[in-house]
Structures are given as C-alpha cells and as structure tokens.
Amino acid sequence: MAALDRVKVLVLGDSGVGKSSLVHLLCHNQVLGNPSWTVGCSVDVRIHDYKEGTPEEKTFYIELWDVGGSVGSATSVKSTRAVFYNLLNGIILVHDLTNKKSSQNLYRWSLEALNRDVAPTGVLVTNGDYDREQFADNQIPLLVIGTKLDQIPETKRNEVLTRTAFLAEDFNAEEINLDCTNPRYLAAGSSNAVKLSRFFDKVIEKRYFLRDGNQIPGFSERKRFGGGTLKSLHYD
Amino acid sequence: MSFLIDSSIMFTSQVLFFGFGWLFFMRKLFKDYEVRQYVVQVIFSVTFAFSCTMFELIIFEILGVLNSSSRYFHWKLNLCVILLILVFMVPFYIGYFVVSNIRLLHRQKLLFACVLWLTFMYFFWKLGDPFPILSPKHGILSIEQLISRVGVIGVTLMALLSGFGAVNCPYTYMSYFLRNVTDADILALERRLLQTMDMIVSKKKRTMFQRGEVQNKPTGFWGMIKSVTTSVPGSENLSLIQQEVDALEELSRQLFLETADLHATKERIEYSKTFQGKYFNFLGYFFSIYCVWKIFMATINIVFDRVGKTDPVTRGIEITVNYLGIQFDASQSVLTPISHIVYCETITAFFPSSALQGMYFVSSVLLIRMSMPPEYRIIITEVLGELQFNFYHRWFDVIFLVSALSSIL
C-alpha cells in the first residue's frame with residue numbers, strides 16, 4: 001500500500017453516458033443507486049489481482065479518475081481539466097450506445113487527454129487512416145466501453161455492435177458493451193470480465209515491468225524533450 | 001388574384017422560416033445530443049415559423065406592402081394558429097414528456113398528461129383574474145381572453161429578462177470589474193486541488209484495505225478472537241474515514257470550480273487586451289449607460305404615473321434624421337419596439353423552450369402595437385380586440401424595475 005505504487009486510469013466520456021455508474025460498478029461490484037452530475041473529478045479505487053491464478057499474482061490498487069464535462073467546453077474549462085491528465089497509465093473511453101454523437105466525441109476526448117495541448121477545432125476526424133496513425137504509436141492502453149446496452153432493442157443490436165467494433169479498432173483497443181445497472185455483465189468468468197482483467201494487466205505491465213519502473217510518457221512529453229513549459233506537478 | 005399572390009408569398013416565407021428554425025434547432029441547441037423524438041423539433045420549428053411570420057406581417061403593415069384585406073386575413077389566421085399551438089399543444093407535450101420520464105406512471109401516460117394539462121389550463125385561467133383585462137362584452141373562449149393572458153405572461157418574462165440583463169450586461173462587459181489573476185495563483189490552486197485528490201485516493205485505499213482485512217476470514221481460534229476485538233474499532237474507523245472522504249470530495253469540487261473560474265478570468269483578461277476585446281469594452285460602456293438610463297426612466301414612469309411615449313433611441317434617431325433634412329415621419333416609430341427587441345435579445349440568453357419563445361413573440365407584438373401611432377392601429381385593433389394597452393406598458397416597467405433591483409443584490 002505504498003504511496004509510490006500509483007496506477008492511474010482515466011475514465012473519459014461525454015456527460016450522461018454513465019461514467020460514474022461504471023466506476024462504481026467496477027470498484028464496489030454494486031449498482032450506483034443515485035447517479036448525479038459529476039463536478040470536477042471523482043476518484044475511486046479498484047482492487048485488481050495482477051496475473052491472477054499464476055504464481056506471480058500480486059494485488060494492486062488501481063485509481064479510476066472519473067473526469068466530468070463535455071468536449072465542447074470553453075478553453076478555460078479544458079485547461080482546468082488538463083490538471084487531471086498528468087501521469088496517466090491507462091484510459092477507459094466510455095460512450096453511450098444509444099447516442100451516436102457520444103462515440104464520435106471519443107476521438108476528441110482521447111486526443112485531449114493524450115496531447116493536452118490540442119486547440120479545439122470544429123472538425124470531427126473520422127477518417128480511419130488518420131486515426132490509426134495517431135494511435136499507432138500510443139503507449140497508453142485504451143479500453144472502449146459502451147453503456148446502456150439494455151436500452152437498445154434486439155433488432156438494432158447487430159448494427160450498433162458492428163459500429164462499435166469499428167470504433168474500438170480505430171483506437172486499437174478492446175471493447176466492452178454493458179449495462180451499468182446490471183452487475184451480471186461483469187460477472188467473474190464472463191468474457192467481459194476477462195477483457196477487463198486483461199486491460200488492467202496491460203496497464204500494470206506497462207507501468208511497472210516494461211521499463212524498470214519508469215513511467216511511460218504520453219505524446220506531449222515525448223515530443224518536447226527539453227520542454228520547460230510543462231506544468232506537470234511531480235508526485236514521485 | 002392579388003390575394004393568391006399574397007398568400008403564396010406568405011406561405012413561402014413561412015416555409016423558409018420553418019427550415020431556418022429546424023436548422024437552428026439542430027445546430028445550436030442540440031449539438032451534442034441525438035434527437036430521439038422528432039415531434040419536439042417539429043413543434044419548435046412550427047412555432048418559430050409562425051412567430052417570424054407575425055413579425056413579418058407587422059413590418060408589411062407599416063411599409064404597406066401587401067393588399068390590406070389579405071393582410072387582415074393572414075393576421076387572423078396566424079394569430080389563431082399561434083395561440084392554438086401555444087396554449088394547447090405545447091403544454092400538453094411538455095406534460096407528456098415529463099410524465100414519460102417518471103418511471104412510475106409509465107402505464108397511463110396519456111391519462112396523466114391530460115391531467116397535467118388541465119391543471120395548467122386552470123392556472124392559466126386564474127392568472128387573468130387580478131389583472132384589468134376582463135371586458136364584460138366578450139365571452140369566455142374568445143381570442144381576446146387568450147391573447148391577454150399570453151400577453152401578460154410574455155410581458156412579464158420579457159421585463160424580467162431585460163431587468164436582469166440590464167444589470168448583468170455592464171458587469172460582464174466592462175473590464176473594470178476584472179480581477180488580476182496571475183499564473184502563480186492558478187498553479188497554487190491546482191496544486192491544492194491535486195493534493196486534495198491524493199488525500200481522497202489514499203483514504204479510499206485505506207478503506208478498501210481495511211474492508212479487505214475484515215473480509216479475509218481470519219483462521220484459527222486466536223484469529224476469531226482477534227476479529228471480535230478489532231472489528232469494532234475497524235468499522236468505526238471506516239465510517240469516520242468515509243465522512244472525511246465526503247468532506248474532501250466536497251472540497252475538491254469547490255477547488256475545481258474555483259480553478260475553472262480563475263482560468264476563465266485569465267482568458268477574459270487576455271481577450272480584453274485584443275482589439276476585439278477593446279471594441280466590446282467600449283460598447284459595454286455605452287450599453288451600461290443605456291441600461292442605467294432605462295432603469296432611471298422606469299422609476300420615473302412609475303413615480304410620476306405616466307406612460308412612456310418614446311424611447312430615447314427613437315428620439316435620438318429622430319433628431320439626427322431631422323437634422324439631415326429628410327422627411328422622416330415620427331410615426332415610423334417601429335424603431336421603438338425594434339430597439340426594445342434588439343436590446344432584449346442581445347442581453348439575454350436564448351431559451352430553448354418553444355413555449356417561452358412563442359410567448360415572447362406575442363408580447364413583442366403587443367408592445368409594438370402599443371407604440372404605434374393611431375393611423376395604423378385600426379387594422380390591428382379589429383384583430384386583437386380591445387385590450388388595455390396602457391396597462392401593459394406600466395406592467396412592463398414595474399417588472400423591469402423589480403428584476404433589475406433584485407439582480408443588483
């Protein structure tokens with residue numbers, strides 16, 4: 001439980017997609033009874049067994065930082081949010097399966113978190129090649145989660161799931177589709193639980209075991225090697 | 001023949017407005033959300049279209065564009081339709097959507113929507129009682145009754161908004177009120193915020209750890225005894241930690257809002273240093289003087305019990321135009337209501353509610369009617385019936401003053 005062993009995973013997405021419910025489900029295995037609008041950032045902790053079932057099993061505390069807001073906010077709000085994007089180890093992108101715009105906005109969310117200094121443009125980038133280039137050399141593991149699965153009628157399900165599969169491919173990430181008010185989607189042993197576990201394992205691996213404990217920087221830090229303008233606050 | 005031409009002109013303009021309203025809805029109001037039910041959008045666009053048509057008709061009236069009888073006909077038609085939509089359909093749909101959001105009443109949606117609607121109609125009617133608008137000549141379901149009520153609500157709303165805007169506007173635009181924010185301030189606040197988040201995280205980790213300890217069933221006899229003696233302070237600790245976490249979370253929210261505020265102020269300071277910023281700042285000074293003048297005039301109107309004849313803007317324009325030697329009839333005082341409207345619209349936010357918008361437009365019409373000179377009043381009086389228009393102007397002044405004063409506080 002040392003203060004140095006920090007594994008930080010951001011949970012990003014549009015307002016109202018269900019990030020707080022999801023985080024609550026992931027951390028407490030219970031459904032959130034009274035979801036309310038998140039102001040700023042709310043953090044929760046999940047206990048994860050790295051490499052479960054093997055002799056190298058070890059327990060980690062993963063911090064899930066649930067950042068509220070919308071991509072179209074004013075620059076001042078974005079710069080305030082940017083304070084939470086320091087020292088990331090992983091990102092969970094959450095979108096609402098009943099709302100196409102929330103999945104389109106995920107591109108902007110991920111760019112905001114990874115670049116941290118991209119000026120907001122009005123253009124949504126949906127060209128597949130462009131996205132793959134952006135995310136090809138990304139070292140931070142991503143996971144795409146679609147919520148409100150129960151609100152999609154059976155007839156439309158296939159269409160929606162194919163669309164989200166493309167989305168996940170663009171990010172080079174796994175995807176999980178669930179309903180945050182039903183814990184059975186993440187029941188132990190289900191494919192969703194396996195994907196989740198794999199994602200967290202990847203996060204921990206990249207954090208600790210790939211580079212002798214040094215943290216992997218995001219886009220901006222790699223590009224600006226001598227950058228003295230980084231306003232990062234070190235918590236070593 | 002001319003009637004057909006006029007009607008087709010009106011109709012095309014209506015279609016244009018409808019399209020415009022649709023686009024506006026899609027682009028501005030619902031940028032980030034998918035519209036699930038197109039009914040809302042349709043109603044909004046229709047209301048918007050009819051409101052614009054009404055406005056258009058007034059302008060035609062003054063400029064004398066179309067044929068008089070066809071104008072009259074369109075006036076009546078427009079008014080009826082708008083009132084119908086405003087008073088009947090919109091509240092019904094609002095009630096319907098509200099009810100369908102409450103999960104309990106899902107079964108009898110329609111029934112409850114009707115009940116809500118009837119309640120609304122009842123209050124709507126009751127609203128008219130204390131005001132001197134009931135004329136003994138007309139029946140209950142006449143147009144005049146509906147218009148008068150809608151007018152009252154509309155005027156009230158507009159006055160409220162204008163009053164609020166009059167005080168808010170100088171505050172927003174003038175850089176005099178901007179505090180000085182440095183980068184160091186922002187950094188210090190951000191550091192505090194992150195420290196608070198770290199504390200929350202460590203406390204939550206401790207909670208999980210202790211909960212995990214309690215859950216790991218202790219083995220053996222001594223283990224069981226230990227669990228008895230240590231679990232009691234353990235759970236007490238948990239609730240204590242939980243309280244601390246709640247307090248810290250509240251603190252983190254406050255700090256976040258403060259930081260966002262500082263960022264916004266810094267941005268405004270930077271903006272005010274650019275040319276655009278300086279230009280707006282200058283305008284802001286003028287506007288604020290105008291606002292203060294309006295408040296002053298409203299007070300005088302009430303105190304000395306007179307109805308305002310012309311607006312300072314119109315007076316100013318009159319003087320300048322007369323000076324330039326152009327034959328400008330002061331009866332073209334459509335400028336007064338237009339300046340009213342422009343003023344109100346530039347200083348208030350646009351409400352995404354079709355009911356409010358409809359009422360806004362109807363009340364604008366009434367005010368325009370108020371300021372129009374006698375010659376043009378004939379046609380309109382036939383349509384709108386006899387209403388006490390002086391009353392409306394007085395009411396506007398009162399509400400304007402009240403809202404301005406309350407927003408100063």
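The chains referred to below are lettered A, B, ... by the order of the sequence lines, with proteins before strands, and numbering in each begins at 1.
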Margin query: Using the rule given for side-chain contact (heavy atoms from CB on, under 4.5 Å), can you reason through B:Leu193 versus A:Val83, listing the C-alpha separation, both sets of side-chain angles and the distance that settles it, and then say yes or no?
Written below: CA-CA 9 Å; B:Leu193 178 60; A:Val83 122; 4.3 Å; yes
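If you measure heavy-atom distances from B:Leu189 to chain A, you find no contacts under 4.5 Å at all. Interface remark: B:Leu257 contributes side-chain atoms only to the contact with chain A (heavy atom separation under 4.5 Å).
A donor-acceptor contact shorter than 3.5 Å is absent between the side chain of B:Lys205 and the backbone of A:Tyr61.
With sequence neighbours excluded, no residue forms a side-chain hydrogen bond (donor to acceptor under 3.5 Å, both in side chains) with B:Thr196. Applying the side-chain hydrogen bond (donor to acceptor under 3.5 Å, both in side chains) criterion to A:Asp44, with sequence neighbours excluded, gives A:His28. The salt bridge (Lys or Arg N to Asp or Glu O under 4.0 Å) check on A:Arg157 picks up A:Glu154, with sequence neighbours excluded.
Ranked by non-hydrogen atom pairs under 4.5 Å with chain B, the options A:Ser42, A:Cys41, A:Gly16, A:Cys27 are led by A:Cys41.
Of residues 243-252 of chain B, those residues lying under 4.5 Å from chain A by any heavy-atom pair are B:Glu249, B:Ser252.
Note that CZ of A:Phe84 is 5.5 Å distant from CE of B:Met197, once rounded to the nearest 0.5 Å. In this structure, A:Asn86 CG and B:Leu194 CG are separated by 6.5 Å, a value rounded to the nearest 0.5 Å. The distance from atom NE2 of B:His263 to atom OG1 of A:Thr80, rounded to the nearest 0.5 Å, is 4.0 Å.
When all heavy atoms of A:Ser79 and B:Glu190 are compared, the closest pair comes out as O-OE2, 4.2 Å.
Annotation for B:Arg253: atom CZ counts as buried by contact number, over 12 foreign heavy atoms lying within 6.0 Å.
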